[in-house]
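For reference, the structure is listed below as C-alpha cells.
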Amino acid sequence: PPEDKVTIHFVNQDGVRTTTSVTEGVSLLNVVITKKIDINGFGACDGTLACSTCHLIFEENIFQKMEPMVDEEVDMLDLAYGLTETSRLGCQVCVQKWMDGMTVQVPKDVKNEKMASTVNQ
Ligand code: FES
C-alpha cells in the first residue's frame, strides 16, 4: 500500500476476516463506519465512551505499544462482554503507522451482549 496507508485486518463476530487500508490518525470506530465493516451493533454511542459496543481485542505486541487508557475507557471496558487482557474500546484507538498489518478481533458474543442489555433496560 502507499506510504500513508495502514493495513488493518478485522475479524468480526462470525470469524469473517476483512482487510482494509486506511489513513493514519483515524479512530478504529471511524474505520469500521467508513469502510462499512460488518460488525454487529458496533459503536452505538458514536465514540462518546458511553457504551462498550466498540470493544476490540488486539494482538499482545500491539496492545503493549498503545497509549495508556484514560479512566473512562477502563470503566466502560469493565462492562464489556468477553473482556480480555488485550481489549480496548475501538473508538479510543487511533490508527498509527506502526500498527500496519495488525489484526483486531471482535469478541464472539456481541450479539448476546446486545440482547442482554436490552433485557436489562
Ligand atoms: Fe461507545 Fe466506543 S463507541 S464507547
Side-chain angles (χ1 to χ4, degrees):
E3 271 299 283
D4 58 336
K5 290 287 185 176
V6 182
T7 300
I8 302 172
H9 310 280
F10 285 87
V11 178
N12 81 358
Q13 66 285 342
D14 302 318
V16 176
R17 195 180 173 89
T18 309
T19 297
T20 188
S21 181
V22 300
T23 313
E24 206 177 3
V26 298
S27 73
L28 289 175
L29 172 64
N30 272 329
V31 175
V32 170
I33 293 169
T34 58
K35 301 289 183 176
K36 298 188 170 57
I37 299 191
D38 182 22
I39 304 175
N40 278 329
F42 196 86
C45 78
D46 276 333
T48 57
L49 278 177
C51 75
S52 57
T53 62
C54 62
H55 176 198
L56 291 170
I57 300 165
F58 293 80
E59 294 159 301
E60 177 89 40
N61 61 325
I62 298 285
F63 183 84
Q64 286 180 356
K65 281 175 77 176
M66 290 193 293
E67 302 280 313
M69 289 186 250
V70 297
D71 290 348
E72 289 79 3
E73 182 178 355
V74 176
D75 290 349
M76 206 41 79
L77 203 48
D78 266 348
L79 306 174
Y81 189 90
L83 189 65
T84 75
E85 299 268 287
T86 59
S87 291
R88 292 287 305 253
L89 292 178
C91 66
Q92 301 302 305
V93 176
C94 286
V95 173
Q96 291 172 51
K97 189 68 196 159
W98 60 260
M99 294 174 178
D100 192 38
M102 75 171 172
T103 298
V104 293
Q105 172 96 46
V106 178
K108 291 259 153 49
D109 288 304
V110 169
K111 257 182 250 175
N112 295 342
E113 179 190 24
K114 264 183 83 187
M115 277 155 61
S117 58
T118 308
V119 171
N120 288 338
Q121 276 164 12

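First listed ligand is number 1; within each ligand, the first listed atom is number 1.
Backbone or side-chain N, O or S atoms of Cys45 reach atom 1 (Fe) of ligand 1 at under 2.8 Å. Atom 1 (Fe) of ligand 1 has no N, O or S atom of Cys54 closer than 2.8 Å.
The shortest side-chain heavy-atom distance between Met99 and Ile8 does not fall under the 4.5 Å cut-off.
Distance from atom 4 (S) of ligand 1 to its nearest protein heavy atom, with residue and atom name: Cys51 O, 3.0 Å.
Paired with Arg88 under the rule salt bridge (charged side-chain N to carboxylate O under 4.0 Å, His left out), one option of Glu67, Glu73, Glu59 passes, and it is Glu73.
The hydrophobic cluster containing Val11 does not contain Leu89, counting ILVMFWY residues as joined when their side-chain heavy atoms lie under 4.5 angstrom apart, directly or transitively.
Look at Leu49 and you'll find a heavy atom under 4.0 Å from some atom of ligand 1.
With rounding to the nearest 0.5 angstrom, the CG atom of Asp4 is 6.0 Å from the OG1 atom of Thr23. Rounded to the nearest 0.5 Å, atoms OG (Ser52) and CG (Leu83) are 9.0 Å apart.
Applying the 4.0 Å criterion to heavy atoms of Gly43 picks out, from ligand 1, the atoms 3 (S). For ligand 1, the atoms lying closer than 4.0 Å to a non-hydrogen atom of Gly47 are 3 (S).
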